[in-house]
Number of protein chains: 2
Amino acid sequence: MLEDELDQAVALQGRITAFVRAFGLHQPDRTPCGTPVPSSEAHAVGELDRDGPLTQTVLGERLRLEKSTVSRIVSQLTSRGWVCRANRGGDGRLVWLELTPDGRRAAGELAVARAARFADLLRNIPAEQRPAVIEALTTLVDAAGGQPATAEVRGAARD
Amino acid sequence: MLEDELDQAVALQGRITAFVRAFGLHQPDRTPCGTPVPSSEAHAVGELDRDGPLTQTVLGERLRLEKSTVSRIVSQLTSRGWVCRANRGGDGRLVWLELTPDGRRAAGELAVARAARFADLLRNIPAEQRPAVIEALTTLVDAAGGQPATAEVRGAARD
DNA sequence: CTTATTAGTTGTATCGTCGAACCATGTTGG
DNA sequence: CCAACATGGTTCGACGATACAACTAATAAG
């Protein structure tokens, strides 16, 4: 590796860890929305709200979580009355997940809280730099996504 | 809020959550470095390696963690033989943290693993875009840091 | 010298995730 | 047609990460 590239890697690492810490991505937070919602559930709800009914496996792929984890999250959401598990025809193994009306309402409230949080962040970025920041993040996601966190790679993540 | 700003906030949110998922920032991973190291410990070691001896409170500020959490992490690191707690003179309440030789060695190995991980990421970004991405992340950290995750704000984090 | 204040520790609770073992349901190949 | 394999989910057990509250020990303030 060239010197420059190493420097850049170190810089990138520093920026990302700094952002994780500064933005509080560390903390196992509950999102406020009437009743506090664990963030893993909020993510799942958001995904279901965005892209209609999904099977658990697909939801897991979207969230990049193990099927066992997804199963648990979905159980919590159903006991909250936000999601219903259905076995609609065809393949009897598939569990189709769909938001209930309550779930859709909750999804909306969560989206608002989320938007507020990010709007605050945005407000601290000079307007003329905003498009560049969003663009850069897109690039970053592409770079990270092309190389999904497989078992071998996954180990070094996050540090 | 203007329409544009809302759109941007939504875009920003989408990009950030996508990155968190794609890069595996979710997963409570162990970093490989001979023995697997929990990532919270890896962060602490990295910080101590970078900026000499620190007190626990200061380390907590750097990592943005509660003092109780820091205390626990440090206990794990000392039992691993990587950090020593010292009561060097002056204020008898302060616990000074310093890496042992083993700790420094481990810090080095972790740094290498980390660098490799980020170098991989970087490799997927076209060379000419790299400086822009790093620059954008710096902007983002500034924006997030100016508005530290205080108790009230913290709730909506991460979602 | 009594009363804060500050640094850390310990106890308790919750969240978040994984991997392995297991059970259905489906699919495939003799 | 049935045995062997594959696939979607569930349950179990383990561990990591974090917060808050209650507590101790040391120091600073009055």
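Numbered from 1 within each chain, the chains take letters A, B, ... in sequence-line order. These numbers were taken from a predicted model, which means no experiment stands behind them.
Of the candidate nucleotides C:dC18, C:dG16, D:dG9, C:dG16 has the atom nearest to the side chain of A:Ser39. Closest approach to the B:Ser71 side chain among C:dT9, D:dG8, D:dT18 is made by C:dT9 (side chain taken as heavy atoms from C-beta onward). For B:Ser68, the side-chain atoms get nearest to D:dA19 when compared with the rest of D:dA19, C:dG19, C:dG16. You'll find that the side chain of B:Gln56 is closest to C:dT9, out of C:dT9, C:dT17, D:dT10. Each of C:dG26, D:dG9, C:dA20 was ranked by its minimum atom distance to the side chain of A:Asp91; first place goes to C:dG26. Taking only side-chain atoms of A:Ile73, from C-beta outward, the nucleotide of C:dT17, D:dG9, D:dA19 with the closest atom is C:dT17. Of the candidates D:dG8, C:dT5, D:dG13, D:dG8 carries the atom nearest the A:Leu94 side chain, counting heavy atoms from C-beta on. Of the candidates D:dT18, C:dG8, C:dT25, C:dT25 carries the atom nearest the A:Arg93 side chain, counting heavy atoms from C-beta on.
The interatomic distance linking B:Leu65 (CG) with D:dC20 (C1') rounds to 14 Å, in whole Å. When rounded to the nearest whole Å, the span between CD of B:Glu61 and C1' of C:dG8 equals 14 Å. Following rounding to the nearest Å, B:Leu25 (CG) and C:dG16 (P) show an atom-to-atom distance of 15 Å. Atom-to-atom, CD of B:Glu41 to P of D:dG16 comes out at 8 Å; the value is rounded to the nearest Å. The distance between atom CD of B:Gln76 and atom P of D:dA17, rounded to the nearest whole Å, is 8 Å. Put simply, CG on B:Leu54 is 15 Å from C1' on C:dA7, counting in whole angstrom units. The distance between atom CG of A:Asn87 and atom P of D:dG8, rounded to the nearest whole Å, is 14 Å. B:Glu66 places its CD atom 14 Å from the C1' atom of C:dT10, with the value rounded to the nearest Å.
No hydrogens or angles considered: a donor-acceptor pair under 3.5 Å links the side chains of B:His43 and A:Arg21.
Between B:Thr100 and B:Gly81, the closest heavy-atom pair is OG1-O, 2.7 Å.
Look at A:His26 and you won't find any side-chain N or O under 4.0 angstrom from OP1 or OP2 of D:dA17. Look at B:Gln27 and you'll find a side-chain N or O under 4.0 angstrom from OP1 or OP2 of C:dC18. A sub-4.0 Å separation between OP1 or OP2 of D:dG9 and a side-chain N or O of A:Arg72 is absent.
The 5' end of DNA chain D is approached more closely, in terms of each residue's nearest nucleotide, by A:Ser75 than by the other of B:Lys67 and A:Ser75.
A salt bridge is absent between B:Arg117 and B:Asp120; no separation between the charged side-chain nitrogens and carboxylate oxygens falls under 4.0 Å. Looking at B:Glu98 and B:Arg104, no side-chain N of the basic residue comes within less than 4.0 Å of a carboxylate O on the acidic one, giving no salt bridge.
Looking at heavy-atom distances under 4.0 Å, A:Gly90 makes contact with sugar-phosphate atoms alone, never a base. Nucleic acid contact class of A:Thr69 (heavy atoms, under 4.0 Å, all strands): base.
A centroid separation of 6.0 Å or more is found between the aromatic rings of A:Phe19 and B:Phe19.
A side-chain contact (heavy atoms from CB on, under 4.5 Å) with A:Leu59 holds for exactly one of A:Val70, A:Asp51, A:Leu65; it is A:Val70.
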